[in-house]
4 protein chains.
Amino acid sequence: MGRTKAKPGVKPGPKVGKDRRQEILAAAAQVITDRGLSETRIQDIAETCGVSTGLILYYFESKDRLLVEALTYANDQFYLRLSRELRKNPSARAQLDRLIELSVPGLLPEFQFLDEWALWVEIWVRALRDPEMAKEHEVLNRRWRRSIADIVRHGRSTGEFPEGLDADELGIQIGAVVDGLAIQVLMDHGDVTPDDMLRVSRDVSAKLIGFALEPAGA
Amino acid sequence: MGRTKAKPGVKPGPKVGKDRRQEILAAAAQVITDRGLSETRIQDIAETCGVSTGLILYYFESKDRLLVEALTYANDQFYLRLSRELRKNPSARAQLDRLIELSVPGLLPEFQFLDEWALWVEIWVRALRDPEMAKEHEVLNRRWRRSIADIVRHGRSTGEFPEGLDADELGIQIGAVVDGLAIQVLMDHGDVTPDDMLRVSRDVSAKLIGFALEPAGA
Amino acid sequence: MGRTKAKPGVKPGPKVGKDRRQEILAAAAQVITDRGLSETRIQDIAETCGVSTGLILYYFESKDRLLVEALTYANDQFYLRLSRELRKNPSARAQLDRLIELSVPGLLPEFQFLDEWALWVEIWVRALRDPEMAKEHEVLNRRWRRSIADIVRHGRSTGEFPEGLDADELGIQIGAVVDGLAIQVLMDHGDVTPDDMLRVSRDVSAKLIGFALEPAGA
Amino acid sequence: MGRTKAKPGVKPGPKVGKDRRQEILAAAAQVITDRGLSETRIQDIAETCGVSTGLILYYFESKDRLLVEALTYANDQFYLRLSRELRKNPSARAQLDRLIELSVPGLLPEFQFLDEWALWVEIWVRALRDPEMAKEHEVLNRRWRRSIADIVRHGRSTGEFPEGLDADELGIQIGAVVDGLAIQVLMDHGDVTPDDMLRVSRDVSAKLIGFALEPAGA
DNA sequence: TATGAATGAGAGTTCATTCAT
DNA sequence: GATGAATGAACTCTCATTCAT
């Protein structure tokens, strides 16, 4: 991957601040995904990017700050990829399809580098008690719902979707369905498979927005 | 029921095991709700029920075991209260209404003694990495979806609801909406209020099940 | 000495709280004397009394609290020994002599178990910036000056000393001389020896109080 | 004097070694005064003189070396100012008065740029265990006592002071009184005010040297 | 000269767990 | 059953020191 791998026995030398920060944030997000937020140690992050623990705290004022930034960073990355994908599709229905597809946990591992939903759950837990995280969550959350609402608005402007409920309201409704289903898939009991999520999300979205889906398999 | 009855007004001496366990579980659930799972110390739980830390570990083999049991215990309590409430209503529509009502975070504090949804989120996080919790979650989760599916089945048997999608499928769909909205309410940004959740859950459920809601205010 | 020595390989077993606290305070005072306040580690104290570092912080809320208490404790011990000694002498001049004698650094090692003056200097440094220590210092300091003033008052009541300056004022003056000389002796450059301090303190005290010393060697 | 003169108003480039060293020493003395020796970090010193920590250690082989030098440096500065002041007064009694005046903590802030006595206490603590500091202290200490003894000798040569005790002995005695009182004033409990120190130091000095003070207010 | 990124050795503190009583 | 003293293994964070640039 994009990691600079230090040859053993050779000091990699200093990097400019911004690169290092991003490297650390990426490492942190990775570790949080792997071990969970509460089991993430600074040491783990340091090892993941091959530096000392001292350096981590040289770039971030505290572990807590770093973790919040890492969660935000990972979500930002996801959002950027998502936006890029959506822009490729002119049709609102294709966009909606793509958004759903990209949101199914584990469906497109080449797209979801990290387990984005696992990070969302960590964000929720933390936001419940950490005002700083709560603030960040508010931003991330609105951005997510707006992505959906924007698709609805776009679909109406092109005539693909009928007029109806307020688009923001639909953002909330469809967002809730996708969130709720993603949790089920994430928990991985087999009751709700990725394919189930895909199908159900589409069905329910269609019903809520008010357009007809092609018959399955079409 | 085999309980030793502590004489009222007398300092309770040693208690029989089952009582103590429940007391500790209740205290643990309370502390987890207050401080979050990862910030819960055995000492906190001990203080909450006025015993020593030693005693906590005398009854539970380890902190981890205790926490998992406490989360399960709290959810059981919620489920028992929910079932009791549902049984009071003969009509499926009233049952569905009641289920939704009881699920809105913070709407009925006299019913939700603890912040049940905050505990759900903790369960999700933990289930992601702890197989024991994952196992428990599977049970709790199915029970929750079945509560919904059973209402659907009941409504169809009484003719209140039309035939349509598989009831279990609807359990998943409506469950997802409720879960997703509950998170939004829980996060408490004001974008989705308890009343919003109430209204939207009812609307979407009606649309998905296929019955007509009375006009608002009726 | 009074230390319970744990047989190797055998756990010494728990002690009652108050004993342990005193043991730790004594150990802390010892370590501070040996290595200096700023070089005193909790680990050092723990080793000195043969317990774990965890136990130290089980008895004292923080290292800082412990250090302040230890300095106070050591001074208390010194003061108690001093008072006991003074009470043995009915004559004010003998009391003054004894007080001076007991105050000379290193003169009576069987009396000054610790290097009390080294601890005083640490108290001064700390009191300059730590309000808690400043508060304690105020008490210890006044007690010290009052010991001197009380001797003066006693001497006047017996007719040994002439009337003159306010006794508290003399407490300040003689206290200052003793403090100042003690520092010189403590620094141990040989310019002011313990015997010098003894002699000078007596001379200056006599002059300040206003009585005649017997010719040297009498 | 071999100084590179930095053009005024122009960002100073690299400086010649001696200037830099002095700048750093002054900054170090300032920081030690402000925060105390044991709380002084290289970083603090670096910030105070606006350079990097690297540079500090480029000029001083280690933190410990720097601190000792800084304490010496500050005392040197005080001594130079003191000597200059004394030379202004031909009369020994005026010199003694001035010396005492200049020694009272906080009395003449325009003269005592730093809290010289706070630094003395730090010197004492450090000298107790650091042989290097002990060595320096010996020098500084003797210089201090000699300043007093020299005034006594001067006063005798002019006939202001009577013959009597050895002048060095008086240096020790008066020095001790001043040291002891300075500590009391420094501790700032209000029991010994700067004015008290002034008055008492003069009284006791007069008594010890053997001359008569003018009546107060004269 | 001067910088500041990087290290690494501790330091204090927390806390689950044990165990003698 | 119940206590709480005691342990010891982590963990976060600090800071003097080094070194490539």
Side-chain angles (χ1 to χ4, degrees), chain A residues 6 11-17 19-21 39-46 50-64 66, chain B residues 12-17 19-20 39-46 50-67, chain C residues 6 10-17 19-21 38-46 50-64 66, chain D residues 12-17 19-20 39-46 50-67:
Chain A
K11 273 199 191 161
K15 297 202 176 168
V16 287
D19 282 3
R20 264 287 191 246
R21 275 184 68 88
E39 296 305 307
T40 293
R41 319 273 162 252
I42 291 186
Q43 181 68 29
D44 304 327
I45 299 169
V51 299
S52 65
T53 64
L55 193 65
I56 305 286
L57 286 146
Y58 176 77
Y59 280 101
F60 296 86
E61 62 181 83
S62 72
K63 184 196 178 191
D64 274 6
L66 165 57
Chain B
K15 294 199 177 171
V16 72
D19 276 4
R20 265 288 191 244
E39 297 304 305
T40 293
R41 321 268 163 257
I42 291 188
Q43 182 65 30
D44 303 326
I45 300 169
V51 298
S52 66
T53 63
L55 196 64
I56 304 280
L57 283 149
Y58 173 79
Y59 280 100
F60 296 86
E61 63 182 84
S62 75
K63 186 197 180 190
D64 275 5
R65 255 327 277 143
L66 164 58
L67 293 180
Chain C
V10 169
K11 272 200 191 160
K15 298 202 174 168
V16 287
D19 282 1
R20 263 288 191 246
R21 275 184 69 88
S38 73
E39 296 306 307
T40 293
R41 319 270 161 257
I42 291 187
Q43 180 68 29
D44 303 327
I45 300 169
V51 299
S52 65
T53 64
L55 194 64
I56 305 284
L57 286 147
Y58 177 77
Y59 280 100
F60 296 86
E61 63 183 84
S62 73
K63 185 198 176 189
D64 274 6
L66 165 58
Chain D
K15 294 200 179 171
V16 72
D19 277 3
R20 264 288 191 246
E39 296 305 305
T40 293
R41 319 270 162 257
I42 291 188
Q43 182 65 29
D44 303 326
I45 300 169
V51 299
S52 66
T53 63
L55 196 63
I56 305 281
L57 284 149
Y58 173 79
Y59 279 102
F60 297 87
E61 64 183 83
S62 75
K63 186 197 179 188
D64 276 6
R65 244 348 261 137
L66 165 59
L67 293 180

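In what follows, chains carry the letters A, B, and so on, assigned in the order in which the sequence lines appear, proteins first and then strands, with residues in each chain numbered from 1. Computed from a predicted model, the values in this text were never measured in an experiment. Side chains included, hydrogens not; waters and symmetry mates left out as well; all remaining heavy atoms used.
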Inset, instruction - Provide, to the nearest angstrom, the distance between the CZ atom belonging to C:Arg41 and the P atom belonging to E:dG10. - result: 10 Å
Legend entry - Residue met sooner reading DNA chain F from 5', once B:Thr53 and A:Lys63 are mapped to nucleotides: B:Thr53
Legend entry - Touch class at under 4.0 angstrom, heavy-atom based, for A:Ile42 against every strand present: sugar-phosphate
Legend entry - Taking every non-hydrogen atom, the tightest pair across A:Arg21 and A:Tyr59: NH1-O, 3.0 Å
Legend entry - Whole angstrom value for the distance that separates C1' of E:dT1 from CG of D:Asp19: 14 Å
Legend entry - Nearest-Å distance for atom pair CG/P, residues A:Leu55 and F:dT12: 16 Å
Legend entry - Separation of F:dT12 C1' from A:Glu39 CD (nearest whole Å): 15 Å
Inset, instruction - Please report, rounded to the nearest Å, how far the C1' atom of E:dA16 is from the CG atom of B:Asp64. - result: 10 Å
Legend entry - C:Glu39 CD to C:Asp44 CG distance, which is reported to the nearest 0.5 Å: 9.0 Å
Legend entry - Position toward the 5' end of DNA chain F (nearest nucleotide), B:Tyr58 or A:Gln43: B:Tyr58
Inset, instruction - Return no unless some side-chain N or O of A:Tyr59 is found under 4.0 Å from OP1 or OP2 of E:dA6. - result: yes
Inset, instruction - Take atom CG of C:Leu57 and atom P of E:dT14, then tell me their distance rounded to the nearest Å. - result: 7 Å
Legend entry - Minimum-distance nucleotide (side-chain atoms of C:Ser52 versus F:dT7, F:dG1, E:dT17): F:dT7
Inset, instruction - Identify, between A:Gly54 and C:Ser62, the residue whose nearest nucleotide on DNA chain E lies closer to the 5' end. - result: A:Gly54
Legend entry - Spacing of CD1 belonging to C:Ile56 relative to CG belonging to C:Leu66, to within rounding of 0.5 Å: 6.5 Å
Inset, instruction - Could you tell me the separation between the CD1 atom of C:Ile45 and the CG atom of C:Leu55, rounded to the nearest 0.5 Å? - result: 12.0 Å
Legend entry - Inter-residue atom distance C:Ile42.CD1 - C:Leu57.CG, 0.5 Å rounding: 4.0 Å
Legend entry - Value in whole Å for how far the P atom of E:dC15 lies from CZ of B:Phe60: 20 Å
Inset, instruction - Provide the Watson-Crick or G-U wobble partner of F:dT17, both distances under 3.5 Å; none if there is no partner. - result: E:dA6
Legend entry - d(CD, D:Glu61; C1', F:dA16) in whole Å: 14 Å
